[in-house]
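Note: hydrogens, waters and symmetry copies are ignored here, and every other heavy atom, side chains too, is used.
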Amino acid sequence: MAIIKAKEKSSKVQLRVGIEKNIFEEIKKYCEWADVQKTDDFFEQAAQYILSKDKDWLAHTSQKQSA
């Protein structure tokens, strides 16, 4: 089962990034396998996953909100 899925359109910010070619090739294969039409969706959902699971980040944001 794919972790990353295609999403509905929403407000987006344009940015330009550079990544290793072999990583990008793997991402394209994953998107094809998971029927994700845009790599944008992959990066957005991967970032959301990391931000929701990183315990140090969650602790940091929790501290900022309670201050």
Hey, any chance [X] and [Y] share a hydrophobic cluster, counting ILVMFWY side chains that come within less than 4.5 Å of each other, even indirectly?
{"X": "F42", "Y": "I23", "value": "yes"}
{"X": "Y49", "Y": "W33", "value": "no"}
{"X": "L15", "Y": "F24", "value": "no"}

>> Just checking E25: does its CD atom have more than 12 heavy atoms from other residues, nucleotides or ligands closer to it than 6.0 angstrom?
In response: yes
> Counting heavy atoms not belonging to K12, are there more than 12 under 6.0 Å from its NZ?
Replying inline: yes
> Of all residues at least two apart in sequence or in a different chain, which pass the side chain to side chain donor-acceptor pair (under 3.5 Å) check with N22?
Replying inline: none
> When you look at I19 and I27, which way does the side chain to side chain contact (heavy atoms under 4.5 Å, CB included) test go after all the steps?
Replying inline: CA-CA 11 Å; I19 62 171; I27 290 168; 4.0 Å; yes
> side-chain contact (heavy atoms from CB on, under 4.5 Å) with F43: which of D40, D41, T39?
Replying inline: T39
> Remaining members of V13's ILVMFWY cluster at a side-chain heavy-atom cut-off under 4.5 Å?
Replying inline: none
> Roughly how far apart are K38 NZ and C31 SG, rounded to 0.5 Å?
Replying inline: 11.5 Å
>> Could you work out, with side-chain contact (heavy atoms from CB on, under 4.5 Å) as the rule, every residue matching D54, not counting sequence neighbours?
In response: D56, W57
> Any donor-acceptor pair under 3.5 Å linking the side chain of S52 with the backbone of Q48?
Replying inline: yes
